[in-house]
Colleague: 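Just dropping this structure here.
Counting convention: from 1, in listed order, for ligands and their atoms alike. Worth knowing before you read on, the calculation uses all heavy atoms, side chains too, and leaves out hydrogens, waters and symmetry mates. Note that the structure is a prediction, hence the values are computed from the model and not measured.
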Amino acid sequence: MNFSLEGKTYVVMGVANRRSIAWGIAQALHDAGARLIFTYANERFEKPVRDLAETLDRDDSLFYECDVTDDDAINTTFENIKNDVGVIHGLAHCIAFANRDELKGEFIDTSRDGFLLAHNISAFSLAAVSRAAKDVMTEGGSIVTLTYLGGERVVENYNVMGVAKASLDATMKYGANDLGKYGIRVNAISAGPIRTLSAKGVGDFNSILQEIADRAPLRKPVTQEEVGDVAYFLMSDLSRGMTGEILHVDSGYSILG
Ligand SMILES: CCCCCCc1ccc(Oc2ccc(Oc3cccc(O)n3)cc2)c(O)c1
């Protein structure tokens, strides 16, 4: 069995800059031979994404805007992708958002709007893009989303994003149940803390990095490349027997009490 991704096309949603986990995933899939399609939230992200893709050693990438809070935008994006490439073999969903002022202090102070916004972007969007992508994954495929330990148990300051990640995890599992009969697998990578643009929005990030260095079994934070390699595994036939799973790529931190 061949575990190369040559001749396969994957959508990567959520590259913001070179520190993005999504960029680590894109590089790993590219290095395995995949053709990449990048989507970005709005025109502010188009240039950074195109500039990053230009550093790859093949220039076969495609680019589409996609605001995941807009169902028409999602449908248009995936119709355009279907028209342009015909078939895709997987999708990396690396999208989340919550109001910065609700990622610190007490969770019970979360506003109704802030709660709904976090769930809209960080959880429902997986269901919405999976439904649209299904019609382009006519040869089966693999969907991977990014989650975090704070959705499984309380991590101080993670607050409403933790509740949204709990919803994302269940969304992944229910999606796995629906899509398995179409040959589409759905899994999540629970990544340890990495210093990304998004991480800047979470209160007291530095102390959790120190905690990882002190206590995680591997005594070091994970990197975008390490997450990218597991995404490659989940996109490849090596993981053909797995769906509905959460793989922790976190230096072992999640096994601690
Ligand atoms: C206290 C927990 C420390 C470890 C947090 C690890 C982590 C880092 C980044 C994560 O991704 C996001 C994505 C969006 C997000 O919302 C943001 C980010 C920046 C600005 C803003 O207004 N909202 C917060 C975290 C994430 O889900 C998890």
Colleague: Which residue owns the protein heavy atom closest to atom 14 (C) of ligand 1, what's the atom, and how far is it?
Modeller: Ala96 O, 3.4 Å
Colleague: Which bit of Leu103 is near ligand 1, meaning a heavy atom under 4.0 Å away: side chain, backbone, both or neither?
Modeller: side chain
Colleague: Of the protein's non-hydrogen atoms, which lies at the shortest distance from atom 15 (C) of ligand 1, and what is that distance?
Modeller: Met161 CE, 3.5 Å
Colleague: Pairing donors with acceptors under 3.5 angstrom, does anything connect the side chains of Tyr64 and Asp84?
Modeller: yes
Colleague: Any donor-acceptor pair under 3.5 Å linking the side chain of Arg50 with the backbone of Phe63?
Modeller: no
Colleague: Would you mind running through ligand 1 and noting each atom that sits below 4.0 Å from a heavy atom of Lys165?
Modeller: 27 (O)
Colleague: For Lys200 and ligand 1, answer yes if some heavy atom of the residue is under 4.0 Å from a ligand atom, otherwise no.
Modeller: no
Colleague: Tell me the protein heavy atom at minimum distance from atom 3 (C) of ligand 1, and give that distance in Å.
Modeller: Ile208 CG2, 3.7 Å
Colleague: Looking at atom 27 (O) of ligand 1, what's its closest protein heavy atom, distance included?
Modeller: Tyr158 OH, 2.5 Å
Colleague: Counting each atom of ligand 1 from 1 as listed, which ones have a heavy atom of Val202 under 4.0 Å away?
Modeller: 1 (C), 2 (C), 24 (C), 25 (C)
Colleague: Quick one: sort the Tyr10 and His89 rings into parallel, tilted or perpendicular, breaks at 30° and 60°.
Modeller: tilted
Colleague: Side chains of Asn75 and Arg131: donor-acceptor distance under 3.5 Å anywhere?
Modeller: no
Colleague: Tell me the protein heavy atom at minimum distance from atom 20 (C) of ligand 1, and give that distance in Å.
Modeller: Gly201 CA, 3.9 Å
Colleague: When you measure from the side chain of Arg18 to the backbone of Leu52, do you find a donor-acceptor pair of N or O atoms at a distance under 3.5 Å?
Modeller: no
Colleague: Taking Ser20 for its side chain and Ala22 for its backbone only, find out whether a donor-acceptor pair lies under 3.5 Å.
Modeller: no
Colleague: Counting N and O atoms only, with roles assigned by atom type, does the side chain of Ser190 sit under 3.5 Å from a partner on the main chain of Leu247, one being a donor and the other an acceptor?
Modeller: no
Colleague: Could you check whether any side-chain N or O of Ser122 sits under 3.5 Å from a backbone N or O of His119, counting only pairs where one atom can act as donor and the other as acceptor?
Modeller: no
Colleague: Write out the residue and atom name of the closest protein heavy atom to atom 1 (C) of ligand 1, then the distance separating them to 0.1 Å.
Modeller: Glu156 O, 3.2 Å
Colleague: Would Ala98 count as a contact of ligand 1 if the rule is a heavy atom under 4.0 Å away?
Modeller: yes
Colleague: How far is atom 4 (C) of ligand 1 from its nearest protein heavy atom, and which residue and atom is that?
Modeller: Tyr148 OH, 3.5 Å
Colleague: Is Ser198 close to ligand 1, meaning an N/O of one under 3.5 Å from an N/O of the other?
Modeller: no
Colleague: State whether the number of non-hydrogen atoms from other residues, nucleotides or ligands found under 6.0 Å of Lys181 atom NZ is greater than 12.
Modeller: yes
